[in-house]
Amino acid sequence: MSIWDRLGDFVTRVSSSASSGVAEVVEAVRTVFSGDADLRRRVAFSVAMIALSAKMAKADGIVTQDEVRAFQEIFEVPKEQRRNVARLYDLAKRDIAGFETYAERMAQLCGSGHSNCLMLEDILDGLFHIAKADGLVHEREGQFLHRIAEIFRIDEAHYQSILARHVDLGAADPYVVLGIERGKPFEEVRRRYRKLVSDNHPDRLIASGLPQEFIKIATTRLAAINAAYEMIERGLRHA
């Protein structure tokens, strides 16, 4: 049974709840998948992405077709399961609980408990991918994403690195993308770059049990890191 089939069973259980709010969603993930930690992590990640995408759409006030397509790029949902994903999306959008409550609960489900958790960064990257799909990150979306980062315990310097990856590299500071101070020795820049490549390689996502569809985000992230490093390398070579 695929993760999407299991997610379908999960949505059916949650939708039958009288209140069907964030508390029921979180508790259902914990109990339905209590016997399989890896599957629980994968489902929790998918639920977090779907629910927080819905909350971001509510905060922004509109959902464009570009954003729908961006979501579909992350999650290639089988046709027979799209209705269940839509039900979970609508449930989160209707829920009177604010997005901060959802983010806090999802961080507890998906996160490591430490600051700058890589899995929570994956979720934030996915939300950025959706937000910028129509050509720019709108002000309300930017405020939403910044607050999500705070709740996820992603520190400000690290958040600025994530933000820089999602803007035109022609305007972004490549040192910010790599999260290293300008003026550091090149060997230190190289070490930082190699660590980022190791931490953000698509194979890491697969090994950590995330949906394979999310490889596209990891590939885009790695491309931004590579481009930033190449810009620094060229600049130092011609200095």
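Residues take their numbers from the sequence shown, with the count starting at 1. Not measured: the values here are computed from a predicted model.
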Item to check | Point-to-point distance, once rounded to the nearest 0.5 Å, from NE2 of His166 to CG of Leu124 | outcome: 7.0 Å
Checklist entry - Would you call Asp199 and Lys195 a salt bridge, taking side-chain N to carboxylate O under 4.0 Å as the test? => result yes
Item to check | Met49 CE to Ile130 CD1 distance, which is reported to the nearest 0.5 Å | outcome: 4.0 Å
Next on the checklist: Has Thr101 got a side-chain atom pairing as donor or acceptor with Ala97's backbone, closer than 3.5 angstrom?
Outcome noted: no
Next on the checklist: Run Glu156 and His146 through side-chain hydrogen bond (donor to acceptor under 3.5 Å, both in side chains) and show every step you take.
Outcome noted: CA-CA 9 Å; Glu156 185 62 25; His146 192 262; 2.9 Å; yes
Checklist entry - Would you call Glu121 and Arg165 a salt bridge, taking side-chain N to carboxylate O under 4.0 Å as the test? => result yes
Checklist entry - Is there side-chain contact between Val189 and Arg192, with heavy atoms separated by less than 4.5 Å? => result no
Checklist entry - Roughly how far, to the nearest 0.5 Å, is CG of Leu145 from CD of Glu150? => result 11.5 Å
Checklist entry - How many angstroms lie between OG in Ser115 and CD1 in Ile154, if you round to the nearest 0.5 Å? => result 9.5 Å
Next on the checklist: Closer than 4.0 angstrom, basic N to acidic O: yes or no for Asp122 and Arg221?
Outcome noted: yes
Next on the checklist: Does any part of the side chain of Tyr193, heavy atoms only, come nearer than 4.5 Å to the side chain of Asn226, both counted from C-beta?
Outcome noted: yes
Next on the checklist: Nearest 0.5 Å, please: how far is CZ in Phe45 from CD1 in Ile50?
Outcome noted: 10.0 Å
Checklist entry - Has the side chain of Lys58 got a donor or acceptor atom that lies under 3.5 Å from a matching backbone atom of Lys93? => result yes
Checklist entry - Counting only N and O atoms by type, is there a donor-acceptor contact under 3.5 Å from the side chain of Arg153 to the main-chain atoms of Asn116? => result no
